[in-house]
Novice: 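First the structure, which I've put down as structure tokens, then a few questions once you've had a look.
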Amino acid sequence: MSWFHSMIAHTLPIVPKEIVRRVSARYVAGERLEDAVATVRALNRQGMMATLDVLGEFVSTAEEARRAGSQYRDLLQAIEREKLDSNVSLKLTQMGLKVDLGLCHEIVRGVVEEAARHGNFVRIDMEDSSCTDDTLAVYERVRQEFPGHVGCVIQAYLKRSLADVRSLAERRANVRLCKGIYIEPARIAYKRHEEINRSFNELLGVLLQGGSYVGIATHDRELVEAAYRIIQEHRLDPAKYEFQMLLGVTERLRGEVLERGHRLRVYVPFGSHWYPYSLRRLKENPEVAGHILRNLFNGRS
Ligand code: FDA
């Protein structure tokens with residue numbers, strides 16, 4: 001990352017919200033359910049599956065958590081009604097993880113029960129390391145009740161992930177594997193690109209060898225190509241894994257993955273709480289500095 005890009009990334013929080021909205025429009029399907037449905041329909045037409053995320057994280061009251069659970073149950077009904085090829089992804093802090101663990105389990109259980117009713121699936125996103133143990137515990141409880149309808153996420157940057165993955169592979173859990181997005185201390189997390197990529201490949205090998213279904217969630221060409229090799233080595237049926245990418249990111253690589261005959265799912269966030277998600281995506285975008293400056297001076301994206 002150049003010093004200029006780094007400086008822009010650090011000053012993003014003081015960039016006017018309207019400019020952030022314009023520059024990050026590619027990452028978010030829109031504010032309304034209709035926007036999300038239209039985006040997923042277009043992806044489905046191009047041969048891609050989707051996972052829908054109602055943007056929002058960290059609620060501080062039981063009422064907000066219950067409302068979020070109810071939004072997801074409605075979303076699962078809309079997916080069925082609109083005949084979309086999409087599952088859903090949710091965050092436990094949005095379902096009250098930091099309010100009351102029992103309440104969070106009850107809400108997530110209700111969402112997964114709804115998914116099971118429609119033959120659908122809920123992916124529980126992974127948040128910062130203060131949530132890891134509780135997230136895996138809630139996941140495991142719900143998985144036992146609704147196997148096949150819920151999955152978790154493992155972050156390759158966490159040093160604990162190898163142990164977690166070994167235990168998940170034993171249970172043939174459905175796992176999304178990603179690098180990890182939160183800022184974690186070096187005591188518990190790998191920091192260097194090579195270390196994180198080495199960990200990602202090792203975890204992917206353990207999961208696939210153990211018979212887990214894996215969502216290979218990365219835009220890093222080096223990791224995508226390493227995954228092709230592991231898949232070929234184990235002669236894996238394309239029904240045993242999928243690649244996953246975020247809406248608006250590396251669309252060319254997305255096309256290449258599909259052309260090679262692999263399945264691909266796009267993460268489609270939507271909703272009124274677009275701001276924190278957009279900031280995270282912009283900080284990862286190597287071209288962010290240019291986009292922000294163009295918007296500041298032109299008022300156009
Ligand atoms: P890396 O960051 O090295 O990016 C590789 C290349 O992709 C970059 O060089 C650039 O070209 C391109 N790129 C990446 N991000 C971009 C952007 N925003 N704009 C433009 N280009 C970009 N994390 C987490 O902690 N918990 C979770 O539950 C999830 N869930 C999740 C689901 C899915 C489907 C994906 C794809 C990712 C996540 N993540 C996540 C985020 C993940 O941990 C990670 O931060 C990002 O995917 C970026 O890492 P990459 O593997 O893409 O590599």
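All ligand and atom numbering here is 1-based and tracks the order in the structure. The figures that follow rest on heavy atoms only: side chains count, while hydrogens, waters and symmetry mates do not. Index from 1, following the sequence.
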Novice: Which ligand 1 atoms are under 4.0 Å away from a heavy-atom of Tyr27?
Specialist: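 Those of ligand 1 that fall under 4.0 Å from Tyr27 are 17 (C), 18 (N), 19 (N), 20 (C).
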
Novice: Just let me know how Asn285 lines up against ligand 1, side chain, backbone, both or neither, with a heavy-atom cut-off below 4.0 Å.
Specialist: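 Under 4.0 Å from ligand 1, Asn285 contributes backbone and side-chain atoms.
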
Novice: For atom 21 (N) of ligand 1, which of the options Leu282, Ile216, Val249 provides the nearest non-hydrogen atom?
Specialist: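 Among Leu282, Ile216, Val249, the closest heavy atom to atom 21 (N) of ligand 1 comes from Val249.
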
Novice: Judged on heavy-atom distance to atom 37 (C) of ligand 1, which of Leu246, Thr135, Leu223 sits nearest?
Specialist: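 Looking at heavy atoms only, Leu246 sits closest to atom 37 (C) of ligand 1.
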
Novice: Is the shortest distance from atom 16 (C) of ligand 1 to a protein heavy atom below 4.0 Å?
Specialist: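 Looking at atom 16 (C) of ligand 1, one finds that a protein heavy atom does lie closer than 4.0 Å.
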
Novice: So is Phe200 in contact with ligand 1, going by heavy-atom distances below 4.0 Å?
Specialist: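 Distance cut 4.0 Å: Phe200 fails for ligand 1.
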
Novice: Are Lys91 and ligand 1 in contact, using a heavy-atom cut-off of under 4.0 Å?
Specialist: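 Outside the 4.0 Å threshold, so no.
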
Novice: Which protein heavy atom lies closest to atom 8 (C) of ligand 1, and at what distance to 0.1 Å?
Specialist: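 Heavy-atom neighbour on the protein nearest atom 8 (C) of ligand 1: Pro286 CG, 4.7 Å.
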
Novice: State which residue, out of Asn44, Leu43, Leu52, fulfils the side chain to side chain contact (heavy atoms under 4.5 Å, CB included) condition with Val266.
Specialist: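 Of the listed residues Asn44, Leu43, Leu52, the side chain to side chain contact (heavy atoms under 4.5 Å, CB included) partner of Val266 is Leu43.
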
Novice: Got a second to check how far Ser212's OG is from Ile154's CD1, nearest 0.5 Å?
Specialist: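 Those atoms lie 10.0 Å apart.
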
Novice: We want to know whether Tyr27 and Asn285 form a side-chain donor-acceptor pair, criterion being a heavy-atom distance below 3.5 angstrom.
Specialist: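 Asn285 and Tyr27 do have a side-chain donor-acceptor pair below 3.5 Å.
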
Novice: At a 4.0 Å threshold, what atoms of ligand 1 neighbour a non-hydrogen atom of Tyr182?
Specialist: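 The list of qualifying atoms is 25 (O).
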
Novice: Can you tell me which portion of Thr250 lies within the under-4.0 Å heavy-atom range of ligand 1? Options are side chain, backbone, both, or neither.
Specialist: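 Within the 4.0 Å criterion, Thr250 contacts ligand 1 through side-chain atoms alone.
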
Novice: Which atoms of ligand 1 have any heavy atom of Asp125 under 4.0 Å away?
Specialist: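 Close to Asp125: 28 (O).
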
Novice: Do me a favour and list the nearest non-hydrogen protein atom to atom 30 (N) of ligand 1 with residue, atom name and distance?
Specialist: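 For this ligand atom, the closest protein heavy atom is Arg176 NH1, 3.1 Å.
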
Novice: Among all protein non-hydrogen atoms, which one is nearest to atom 50 (P) of ligand 1, and what is the separation to 0.1 Å?
Specialist: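 Checked against all protein heavy atoms, atom 50 (P) of ligand 1 sits closest to Thr218 OG1, 3.7 Å.
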
Novice: Heavy-atom pairs closer than 4.0 Å: do any link ligand 1 to the side chain of Glu127, the backbone, both, or neither?
Specialist: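 Looking at Glu127 and ligand 1, no heavy atom falls under 4.0 Å.
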
Novice: Quick check on the 6.0 Å ring-centre criterion: do Phe243 and Tyr228 meet it?
Specialist: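 Ring-ring flag for Phe243/Tyr228: true, centres closer than 6.0 Å.
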
Novice: Start with the C-alpha gap between Gln244 and Tyr267, add the side-chain angles, then the distance that decides, and say whether side-chain contact (heavy atoms from CB on, under 4.5 Å) holds.
Specialist: CA-CA 7 Å; Gln244 297 186 350; Tyr267 190 103; 6.0 Å; no

Novice: What atoms in ligand 1 come closer than 4.0 Å to a heavy atom of Arg281?
Specialist: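 That gives atoms 17 (C), 18 (N) of ligand 1.
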
Novice: Does ligand 1 have a heavy atom under 4.0 Å from the side chain of Arg221, from its backbone, from both, or from neither?
Specialist: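 For Arg221, there is no contact with ligand 1 at all, from either part.
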
Novice: Is it the side chain, the backbone, both or neither of Met245 that has a heavy atom closer than 4.0 Å to ligand 1?
Specialist: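 Contact part for Met245 vs ligand 1: backbone (N, CA, C, O).
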
Novice: Closest non-hydrogen protein atom to atom 34 (C) of ligand 1, residue and atom name please, with distance?
Specialist: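 Ranked first by proximity to atom 34 (C) of ligand 1 is Gln244 CB, 3.6 Å.
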
Novice: Side chain or backbone, does Tyr267 bring an N or O within less than 3.5 Å of an N or O on ligand 1?
Specialist: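 N/O-N/O distance below 3.5 Å does not exist for this pair.
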
Novice: Provide, to 0.1 Å, the distance between atom 38 (C) of ligand 1 and the closest protein heavy atom, together with that atom's residue and name.
Specialist: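 Residue, atom and distance for the closest contact: Cys178 CB, 4.1 Å.
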
Novice: Could you go through the side-chain contact (heavy atoms from CB on, under 4.5 Å) check for Leu208 and Lys240 one step at a time?
Specialist: CA-CA 8 Å; Leu208 289 176; Lys240 297 293 292 173; 5.7 Å; no

Novice: Among all the protein's non-hydrogen atoms, which is closest to atom 6 (C) of ligand 1, and how far away is it?
Specialist: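 Heavy-atom neighbour on the protein nearest atom 6 (C) of ligand 1: His219 O, 3.7 Å.
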
Novice: Of all the atoms in ligand 1, which lie at a distance below 4.0 Å from a heavy atom belonging to Gln155?
Specialist: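 Atoms satisfying the 4.0 Å criterion: 24 (C), 25 (O), 26 (N).
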
Novice: Is it the side chain (CB and beyond), the backbone, both or neither of Ile181 that lies under 4.0 Å from ligand 1, heavy atoms counted?
Specialist: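 Both the backbone and the side chain of Ile181 come within reach of ligand 1.
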
Novice: Less than 3.5 Å between some nitrogen or oxygen of Gly180 and one of ligand 1, yes or no?
Specialist: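 Between Gly180 and ligand 1, an N or O pair is found under 3.5 Å apart.
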
Novice: Are any of the protein's heavy atoms under 4.0 angstrom from atom 43 (O) of ligand 1, yes or no?
Specialist: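 Within 4.0 Å of atom 43 (O) of ligand 1, protein heavy atoms are found.
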
Novice: Measure the NE2-CG distance between His118 and Asn87 for me, rounded to the nearest 0.5 Å.
Specialist: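 Nearest 0.5 Å value for the NE2-CG distance: 13.5 Å.
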
Novice: Hey, are the side chains of Val40 and Met49 touching, using non-hydrogen atoms and a 4.5 Å cut-off?
Specialist: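 Counting from C-beta outward, Val40 and Met49 never come under 4.5 Å.
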
Novice: Below 6.0 angstrom between ring centroids: does that apply to His149 and Phe121?
Specialist: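 Judged by ring-centre distance (under 6.0 Å), His149 and Phe121 do not meet the cut-off.
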
Novice: What is the minimum heavy-atom distance between Val88 and Thr51, and which atoms define it?
Specialist: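 Of all heavy-atom pairs spanning Val88 and Thr51, the closest is C-OG1, 3.3 Å.
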
Novice: Supply the atom-to-atom distance Met48 CE to Ser86 OG, rounded to the nearest 0.5 angstrom.
Specialist: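 The CE atom of Met48 sits 13.0 Å away from the OG atom of Ser86.
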
Novice: If you apply the rule side-chain contact (heavy atoms from CB on, under 4.5 Å), what do you find for Val111 with Leu90, and how did you get there?
Specialist: CA-CA 10 Å; Val111 177; Leu90 54 77; 3.9 Å; yes

Novice: Flag this pair as yes if the NZ/CZ of Lys191 is under 6.0 angstrom from the six-membered ring centre of Tyr157 and inside a 45 degree cone about the axis; otherwise no.
Specialist: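 No, a cation-pi geometry is absent between Lys191 and Tyr157.
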
Novice: Answer yes if the side chains of Ser167 and Glu170 hold a donor-acceptor pair under 3.5 Å, and no otherwise.
Specialist: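 There is no such pair (donor and acceptor under 3.5 Å, judged by atom type) between the side chains of Ser167 and Glu170.
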
Novice: Which atom names give the shortest non-hydrogen contact between Arg176 and Ser89, and what distance separates them?
Specialist: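 Taking every non-hydrogen atom into account, NH2-OG, 3.0 Å.
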
Novice: Among protein heavy atoms, which lies nearest atom 26 (N) of ligand 1, and at what distance?
Specialist: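 Checked against all protein heavy atoms, atom 26 (N) of ligand 1 sits closest to Met126 O, 2.8 Å.
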
Novice: Measure the NE2-CD distance between His105 and Glu140 for me, rounded to the nearest 0.5 Å.
Specialist: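 The NE2 atom of His105 sits 10.5 Å away from the CD atom of Glu140.
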
Novice: Between Lys179, Glu251, His193, Glu284, flag the one that comes closest to atom 45 (O) of ligand 1 by a heavy atom.
Specialist: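 Closest candidate by heavy-atom distance is Glu284.
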
